[in-house]
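To start, the structure itself, in structure tokens.
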2 protein chains.
Amino acid sequence: MAEVSDLTVHTGYWLRMVSNAVSQDFARRAATEDVTVAEWTFLRALYDAEGMAPSALADRMGMTRGAISKLAERLIEKGLLARASNPDDGRAHSLSLTAAGRQKVPVLAALADHNDADYFGVLSTDERATLDHLLRTLADRRGLKTVPVD
Amino acid sequence: MAEVSDLTVHTGYWLRMVSNAVSQDFARRAATEDVTVAEWTFLRALYDAEGMAPSALADRMGMTRGAISKLAERLIEKGLLARASNPDDGRAHSLSLTAAGRQKVPVLAALADHNDADYFGVLSTDERATLDHLLRTLADRRGLKTVPVD
DNA sequence: TATTGTTATACTCTATAACTATA
DNA sequence: TATAGTTATAGAGTATAACAATA
């Protein structure tokens, strides 16, 4: 037993290695649509829940409100997002996709589908199902909820 | 079959969620020793291979030489790393740990051990072995080699 | 000319905190 | 006072490219 364990004895090491590679591959694909991974997650969340408040999105994505504002600002500049005031409460805002933003989601979803299929395609159907199940189990038992961003 | 697939149908989604959570937990632990995850990986690599050249470390960590220089600069400021010129080749440098840096590695390794044990402790021995094996299989079949950093 | 390494610049993500407007 | 949101600042990671020194 070595005094200083090797990095590779940790499951977390392999998890990070594989996860980073998958994310980087997807980031490259998304970049062809001029969108980052964080932006994609943001757009996807709004696709199902138009008019969400920034604070709700912050909770859902596990980010601070400041980070959400910054991300929203960039998406507005790109013409993918619109920000509106709330007539009932002058403090509140609501966020929604523009037509361009809404059109972009299916394109990015297809890229995500292909990325997943390509990446995990080196596993057999059984292996892949087992991996998927173990990751979901882990997320469940650890009480993980927020949409992963980076 | 939905036109726009949900994020959660992708194995990569769960992989990222779990991986980010493990890394963030470890980052918090390492922060108590005033070290980032990237710095830990750097220190650990040098622990086994004193006197490595920055370029060799860059290859090993999958980073550019510029990124290595920046990381090295910070570790030198922290008193954990020393940089020396090579008498045989005036262009080359070699990096090695200081006494303080060398002492820090076992401490951080213990933190990494505990982090891994705590995090994957919610799985049974069999489940954990299966997960570990599948991740190694995936890394192998995808030809992944670089030490994961972020 | 090619190589080693550093430095400069820039962009993304993240967090904290100051700030504005409204309740 | 408390809340919703924005903005400012800073730190960490990353990549590209300009640069200096040496081969």
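Naming: A, B, ... by sequence-line order, numbering from 1 per chain.
Annotation: side-chain contact (heavy atoms from CB on, under 4.5 Å) contacts of B:D59 (sequence neighbours excluded): none. Under the side-chain contact (heavy atoms from CB on, under 4.5 Å) criterion, B:A21 pairs with A:L144, B:Y119, sequence neighbours left out.
D:dT7 atom C1' lies 15 Å from atom CG of A:L71, rounded to whole Å. A:L57 has its CG atom 10 Å from the P atom of D:dG5, to the nearest Å. For the pair B:D88 CG and C:dT3 C1', the interatomic distance rounds to 16 Å; values are reported in whole Å. Per the geometry, CH2 belonging to B:W40 stands 15 Å off P belonging to D:dG13, to the nearest Å. Rounded to a whole Å, the CG atom of B:N86 is 12 Å from the P atom of C:dT4. Distance, B:Q24 CD to D:dA12 P: 16 Å, rounded to whole Å. What separates CG of A:N20 from C1' of C:dC13 is a distance of 14 Å, to the nearest Å. Taking atom CE of residue A:M61 and atom C1' of nucleotide C:dA15, one finds them 15 Å apart after rounding to whole Å.
Using modelled atom types and a 3.5 Å distance limit, the side chains of A:D126 and A:S124 yield no donor-acceptor pair.
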Please output the side-chain donor-acceptor pairs of residues 31-39 of chain B that fall under 3.5 Å, not counting sequence neighbours, one pair per line with the distance.
from  : atom 1 : to     : atom 2 : distance (Å)
B:T32 : OG1    : B:R29  : O      : 2.5
B:E33 : OE1    : B:K104 : NZ     : 3.0
B:T36 : OG1    : B:E39  : N      : 3.1
B:E39 : OE1    : B:T36  : N      : 3.0
B:E39 : OE1    : B:K78  : NZ     : 2.8
B:E39 : OE2    : B:R74  : NE     : 2.6
B:E39 : OE2    : B:R74  : NH2    : 2.8
B:E39 : OE2    : B:K78  : NZ     : 3.1

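In the set D:dG13, C:dC13, D:dA23, the nucleotide with an atom closest to the side chain of A:R74 is C:dC13.
Direction of the helix axis in the helix from C:dT1-D:dA23 to C:dA23-D:dT1 shifts by 30° between the two five-pair termini, rounded to 10°.
Proximity of a side-chain donor or acceptor of A:H114 to a complementary backbone N or O of A:A110 within less than 3.5 Å is detected.
Between B:R128 and B:D132 there is no salt bridge, since none of the side-chain N atoms of the basic residue sits less than 4.0 Å from a carboxylate O of the acidic one.
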Trace of the side chain to side chain donor-acceptor pair (under 3.5 Å) decision for A:S5 with B:D113: CA-CA 8 Å; A:S5 59; B:D113 290 344; 2.8 Å; yes

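Note on B:T64: every side-chain N or O is 4.0 Å or more away from OP1 and OP2 of D:dT16.
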What does nucleotides 5-11 of chain C look like as a protein-contact string, B for base, S for sugar-phosphate only, - for none, at under 4.0 angstrom between heavy atoms? BBB--B-

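Nearest heavy atoms, A:V4 versus B:A109: CG1-CB, 3.9 Å.
Within the structure, the salt bridge (Lys or Arg N to Asp or Glu O under 4.0 Å) test picks out no pair touching residues 61-72 of chain B (sequence neighbours left out).
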